[in-house]
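Sequence lines set the chain letters: A, B, ... in the order given, protein chains first and strands last, and positions in each chain run from 1. Quick caveat, the model's predicted, so the values are computed rather than measured. Scope of the values below: all heavy atoms of this structure, side chains included, with no hydrogens, waters or symmetry mates.
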Protein chains: 4
Amino acid sequence: MKVAIVGATGYGGAELIRILQQHPEVTLQSYHSSSHQGASIVHSYPHFQALSGMELKAIDPAQIAQDADLVFTATPSGVSSELVPAFVKEGVRVIDLSGDFRLKDTQQYEKWYKKNAPEEAILKNSVYGLTEWLDTDVTETQLISNPGCYPTAALLGLAPLVKHQLIDLNSIIIDAKTGVSGAGKNPSAVTHFTEMNDNLKVYKVLEHQHTPEIEQVLAGWNPNTGPVTFGTHLVPMTRGIMTTIYANAPKKLTAAQLSELYHDSYQDNYFVRIREQGTYPSTKEVYGSNFCDVSVTYDERTNRIMIVSVIDNLVKGASGQAVQNMNRMFGIDEKTGLAFAPVFP
Amino acid sequence: MKVAIVGATGYGGAELIRILQQHPEVTLQSYHSSSHQGASIVHSYPHFQALSGMELKAIDPAQIAQDADLVFTATPSGVSSELVPAFVKEGVRVIDLSGDFRLKDTQQYEKWYKKNAPEEAILKNSVYGLTEWLDTDVTETQLISNPGCYPTAALLGLAPLVKHQLIDLNSIIIDAKTGVSGAGKNPSAVTHFTEMNDNLKVYKVLEHQHTPEIEQVLAGWNPNTGPVTFGTHLVPMTRGIMTTIYANAPKKLTAAQLSELYHDSYQDNYFVRIREQGTYPSTKEVYGSNFCDVSVTYDERTNRIMIVSVIDNLVKGASGQAVQNMNRMFGIDEKTGLAFAPVFP
Amino acid sequence: MKVAIVGATGYGGAELIRILQQHPEVTLQSYHSSSHQGASIVHSYPHFQALSGMELKAIDPAQIAQDADLVFTATPSGVSSELVPAFVKEGVRVIDLSGDFRLKDTQQYEKWYKKNAPEEAILKNSVYGLTEWLDTDVTETQLISNPGCYPTAALLGLAPLVKHQLIDLNSIIIDAKTGVSGAGKNPSAVTHFTEMNDNLKVYKVLEHQHTPEIEQVLAGWNPNTGPVTFGTHLVPMTRGIMTTIYANAPKKLTAAQLSELYHDSYQDNYFVRIREQGTYPSTKEVYGSNFCDVSVTYDERTNRIMIVSVIDNLVKGASGQAVQNMNRMFGIDEKTGLAFAPVFP
Amino acid sequence: MKVAIVGATGYGGAELIRILQQHPEVTLQSYHSSSHQGASIVHSYPHFQALSGMELKAIDPAQIAQDADLVFTATPSGVSSELVPAFVKEGVRVIDLSGDFRLKDTQQYEKWYKKNAPEEAILKNSVYGLTEWLDTDVTETQLISNPGCYPTAALLGLAPLVKHQLIDLNSIIIDAKTGVSGAGKNPSAVTHFTEMNDNLKVYKVLEHQHTPEIEQVLAGWNPNTGPVTFGTHLVPMTRGIMTTIYANAPKKLTAAQLSELYHDSYQDNYFVRIREQGTYPSTKEVYGSNFCDVSVTYDERTNRIMIVSVIDNLVKGASGQAVQNMNRMFGIDEKTGLAFAPVFP
């Protein structure tokens with residue numbers, strides 16, 4: 001399949017190139033950027049020298065739709081909502097990595113994103129692409145909205161319990177920690193090395209736009225789910241997300257029961273690895289890979305459940321899952337081009 | 001006052017030296033170590049060259065008690081329980097930085113520390129030294145047990161709410177993150193640079209020995225307090241602790257009310273800085289200093305309270321608070337020798 | 001080809017597994033370790049869960065030689081010298097990643113390594129595997145000695161100038177900086193996170209065992225080469241080596257001349273990327289990949305040449321180059337299984 | 001003495017506040033900034049809460065000169081050249097932390113800084129303040145130009161050898177490595193956490209503006225000194241500079257001779273610590289302090305000398321040395337307010 005990447009100079013775009021330049025079924029057709037046209041991608045990312053030297057082109061939906069079978073829009077929220085409809089109307093298939101098509105409720109979108117919501121008609125026909133829990137066959141889907149990084153880690157961690165009602169649905173607290181690449185390629189005071197190194201920050205307290213995305217999916221799985229508390233922190237590392245999730249148990253449980261439930265729930269999902277009971281993942285153990293590693297336990301003293309899930313925010317939390325969705329859309333094995341190992345140490 | 005430091009080659013001991021070599025009322029009398037006798041402290045810590053070149057001596061309680069007005073025992077848990085009684089019996093005053101004299105219930109100690117509890121008689125006469133909330137005049141106290149690093153951050157964050165019953169006492173969840181110096185000076189696989197750098201780890205899941213310490217103090221403040229959930233994480237930074245605390249509100253509140261309560265509660269405490277409402281501290285903002293910075297807010301959507309507190313684990317979480325306690329014991333201004341600024345950036 | 005990895009629990013072994021589990025021509029036959037027999041590799045490296053779950057076996061040269069076409073000995077110096085002869089005598093092909101078979105002069109080995117030199121007969125028949133500058137066809141070679149990490153970076157940087165005599169051969173100064181993974185998997189005081197983070201160290205001053213390896217190769221290229229000064233530093237990062245090389249020019253040159261020479265010298269070498277004149281590589285731009293990126297310039301003011309070369313010490317500096325050598329030994333394209341992109345950011 | 005700080009919101013300014021708020025002889029009179037007037041310094045630097053809450057004022061030289069005994073201009077190069085003359089003309093004493101008054105040759109300034117040189121008359125009367133090697137009594141000096149960070153480390157390392165002609169004056173190569181705070185408070189692509197973390201960069205290759213500053217001082221010590229090669233690198237750490245200096249020896253020497261020379265040269269200088277022969281400093285061992293730690297050795301194999309010197313770039317490399325110069329200007333002990341220990345670990 002021939003693939004175009006729009007927004008190739010951001011981290012999401014660069015990670016798509018890293019993955020797809022090795023994908024056996026993909027031809028990288030063209031890169032597009034609203035700036036830098038005419039310059040080689042190597043000018044933005046010298047690490048691609050010898051691997052991919054294509055020039056960046058302007059974003060011309062008609063031309064792109066003609067040349068490519070699939071477009072990844074790795075563009076910021078507020079930009080995708082304007083670009084994606086043009087691609088959809090040209091008839092090309094699209095996977096959008098922004099937050100613009102994730103929330104089905106446009107009022108929620110406008111409240112949390114503080115931007116204009118996308119066109120309702122296109123939004124309605126988009127599919128939310130949490131790959132392991134897709135509730136529809138996507139081989140004919142035209143537009144997949146790729147999940148947010150935090151929601152991917154949190155939802156893969158919560159799914160078995162919420163779906164099996166083994167959790168007090170009004171008690172969910174998600175304490176999330178991310179590496180700094182989640183903030184993107186643009187420098188800022190918050191992400192200045194000198195201010196972030198050897199430092200730990202809490203940010204967007206109770207205001208993170210991934211909150212309604214998590215709640216929407218949980219409510220889709222179980223309409224009784226209440227609002228979640230979602231705390232977000234910046235950790236002095238480049239890649240990686242860990243979500244530590246706390247919730248009350250509705251009844252006495254054991255760690256072994258929970259562990260078995262998780263192993264069963266994900267036994268057919270290559271990219272979700274349930275850890276051996278009593279052991280817990282660290283973010284480096286999925287670095288650079290498409291895995292989500294999950295542990296779950298139960299605390300008798302407090303009757304609470306604790307879940308730990310980790311991903312690489314740029315892979316399973318963005319471009320890796322986008323490629324996994326692409327594989328599903330085109331009816332090939334979801335592992336194709338994605339079964340590379342984490343880079344450890 | 002003449003001060004002896006026992007356990008001078010650990011990080012707690014080194015931080016005491018850093019602070020006390022500048023303290024205007026203190027003469028550093030002697031350093032003691034179970035190893036390295038006869039070697040200069042500069043051999044263990046080259047950064048003390050020109051500042052403090054004393055030789056390490058053996059641990060002889062009678063001699064130390066004769067020469068010093070105060071002994072800091074910066075020794076590991078399990079060692080202090082054996083050493084401190086000897087000092088107490090010799091009549092010298094002691095501030096112990098280990099966990100051995102913190103838990104009044106020796107069964108709890110043995111359960112969580114998996115070591116033999118210290119002598120009951122001495123334990124009973126020790127005072128738990130969370131300086132801002134000391135409930136007794138310590139000018140005559142012989143033994144202060146210095147709080148743990150995590151409990152210091154968590155308890156300073158929780159105190160106003162627990163004391164004023166503005167919190168559901170059975171809903172407290174503490175998600176704690178520490179820099180790696182909390183694990184001490186001895187190398188290990190977990191704290192090997194290569195495995196910790198650019199990585200985030202969860203550890204001692206539901207088994208951290210600071211859990212009963214937090215619960216004991218909270219129960220002292222309000223006997224209705226239930227068990228807490230306490231999650232602990234290792235962050236790739238050298239110093240710093242952040243505790244993010246979540247709890248249900250017993251009634252509708254506002255962030256402004258909570259902020260005012262905190263400002264009032266700590267208005268006479270120099271080392272607790274309540275942040276302006278709507279802003280939150282990061283760990284680097286207290287790096288190297290004795291401050292504990294705290295923010296509190298309220299979430300209408302979930303009716304939950306969220307508290308963020310940060311300290312430098314080696315200063316307010318260990319040696320700085322120990323010096324603050326020393327100042328209190330000797331009846332001098334608690335700020336003496338401790339009012340240095342954080343090192344930022 | 002069927003491959004056995006001896007020393008699978010070290011970082012060199014783990015990196016071989018990471019690379020080879022994706023190599024289209026390789027079957028990973030067995031892992032061997034002097035400890036941990038019977039345990040899964042996942043016990044040592046949880047990041048391999050779902051990717052490679054083989055058990056570690058004891059080191060039985062006869063059995064290994066029977067089952068495998070090639071053995072990688074990723075064992076420490078002093079261990080390889082004892083193990084490799086056994087494999088050689090069993091007739092299996094070997095690539096050794098230690099320093100034991102790199103120095104042809106056994107006195108030099110014993111002086112710098114302070115260990116007993118390996119058997120002369122086997123040493124004599126081994127080939128030093130700096131892949132880009134192999135001076136022999138290795139399709140029949142039984143034993144390749146894989147170069148050290150520092151020598152790989154330094155020699156690839158120096159080769160064009162030394163071979164073309166465009167450098168004062170008695171003026172070479174190599175200031176080298178490495179990430180901490182070069183020190184291996186065993187924790188130590190030097191590599192303790194707390195002491196290495198936010199820190200820069202110089203180490204093994206004028207005593208690094210890679211010094212004679214660099215000198216031996218340079219002398220092989222040009223017998224007039226004098227001893228080199230080789231300074232080594234530990235940088236607070238996990239992977240990466242940068243060598244900054246200074247030398248006097250024998251005559252007036254221009255940066256453009258040097259740049260052209262380097263482009264010409266490496267035009268047929270996929271894994272050496274000469275940077276555009278006036279731009280310089282950073283270590284992260286080769287992170288996780290088998291590339292060596294090189295820049296060269298000339299300073300009119302001082303009549304000196306400056307070369308900058310970077311590699312990932314665990315890939316091109318160890319396991320990646322070992323696989324590249326394997327590809328050459330077995331007569332397949334050297335890029336096979338190695339053309340993955342750097343992980344950036 | 002009453003002190004005004006101009007450019008208080010930069011890192012140099014903030015570090016002056018950190019140091020001076022504890023200085024027993026100083027009253028911090030006012031902070032000035034070209035932006036942020038009317039806002040508290042705590043708005044820019046929350047870590048100063050409770051320590052220093054003054055408002056930032058506009059830069060009014062006449063007013064400042066009237067209110068203060070000394071002005072620190074911690075302003076960028078190109079700004080100081082315009083501001084300092086106004087202060088000088090008002091008669092107030094000034095210590096300038098920029099590069100504007102360091103180079104006596106205005107052509108060199110304009111070549112390397114690519115800015116207009118400052119007024120000659122004022123430049124001529126300024127004193128270059130490398131405190132340990134001041135060649136003049138500064139108790140009457142009106143303007144001290146504070147040295148650059150790199151030159152401080154390099155020159156303190158080179159001084160004994162150059163002054164005693166124990167070095168080939170045409171062979172000096174300085175390989176320098178700095179923490180990222182040297183690049184200042186403004187975010188940029190180069191200093192974005194995501195691109196700098198776990199990375200090592202070479203920058204301003206052969207173009208660093210500190211080159212002529214080093215050469216000017218060396219030539220002042222010995223007019224036969226040739227141009228130096230000066231390589232500069234960015235290390236993923238916040239603070240710290242290490243210069244590794246290589247030079248040919250003019251005759252056979254021993255490490256012991258060199259070590260003795262260095263101990264003798266600096267025996268009366270509190271802030272220069274010569275390390276015990278055979279041991280070497282790391283940057284963290286001077287973190288947050290005004291020390292410069294130096295080691296020197298000799299290599300028989302190559303007949304070369306190697307010097308390693310480390311400083312905290314924001315303290316001895318900027319604000320600490322500025323305070324040391326202030327102490328000298330006002331005739332008080334140079335250690336006053338500066339004898340605090342490094343923060344280690």
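Of the atoms belonging to B:Y287, it is side-chain heavy atoms, and not backbone ones, that fall under 4.5 Å from chain A. Heavy-atom distances place both the backbone and the side chain of B:T229 under 4.5 Å from chain A. At a 4.5 Å heavy-atom cutoff, the contact between B:L200 and chain A is made by backbone and side-chain atoms alike. Both the backbone and the side chain of A:V202 have a heavy atom closer than 4.5 Å to some heavy atom of chain B. Interface remark: B:R304 contributes side-chain atoms only to the contact with chain A (heavy atom separation under 4.5 Å). Neither the backbone nor the side chain of B:V310 comes within contact range of chain A, judged by heavy atoms closer than 4.5 Å. Proximity to chain B is absent for every atom of A:N248, based on heavy atoms less than 4.5 angstrom apart. For B:E215, the part sitting under 4.5 Å from any heavy atom of chain A is the side chain, from C-beta outward, and nothing else. Interface residue A:T297: only side-chain heavy atoms are found under 4.5 Å from chain B. Contacts of B:Y298 with chain A are made by backbone atoms alone, with heavy-atom separations under 4.5 Å and no side-chain atom involved.
Taking A:M196, A:K201, A:E285 one by one and counting their heavy-atom pairs under 4.5 Å with chain B, the maximum is reached by A:K201. Comparing B:V205, B:T211, B:D198 by how many heavy-atom pairs each has under 4.5 Å with chain A, the most go to B:D198.
A distance of 5.5 Å separates CE of B:M242 from NE2 of A:H233, quoted to the nearest 0.5 Å. Note that CZ of A:F230 and CE of B:M306 are 10.5 Å apart. Values are rounded to the nearest 0.5 Å. The CG atom of B:N170 sits 11.5 Å away from the CG atom of A:N303 when rounded to the nearest 0.5 Å. Once rounded to the nearest 0.5 Å, the distance linking OH of B:Y246 with OH of A:Y246 reads 8.0 Å.
Residues B:E195 and A:F344 are in side-chain contact: their nearest non-hydrogen atoms beyond the backbone lie under 4.5 Å apart. Side-chain contact check for B:V228 versus A:T302: every heavy-atom pair is 4.5 Å or farther apart. Under the 4.5 Å side-chain criterion, counting only non-hydrogen atoms from C-beta, B:D175 is in contact with A:K177.
Residue-environment remark: CD (B:Q257) exceeds the threshold of 12 foreign heavy atoms within 6.0 Å. Enclosure of atom CD in B:E110 by more than 12 non-hydrogen atoms of other residues, nucleotides or ligands within 6.0 angstrom is indicated.
Of the possible polar contacts, none joining the B:T283 side chain to the A:N199 backbone as a donor-acceptor pair under 3.5 Å is found.
Nearest heavy-atom pair across B:P236 and A:V235 is CD-CG1, 3.7 Å.
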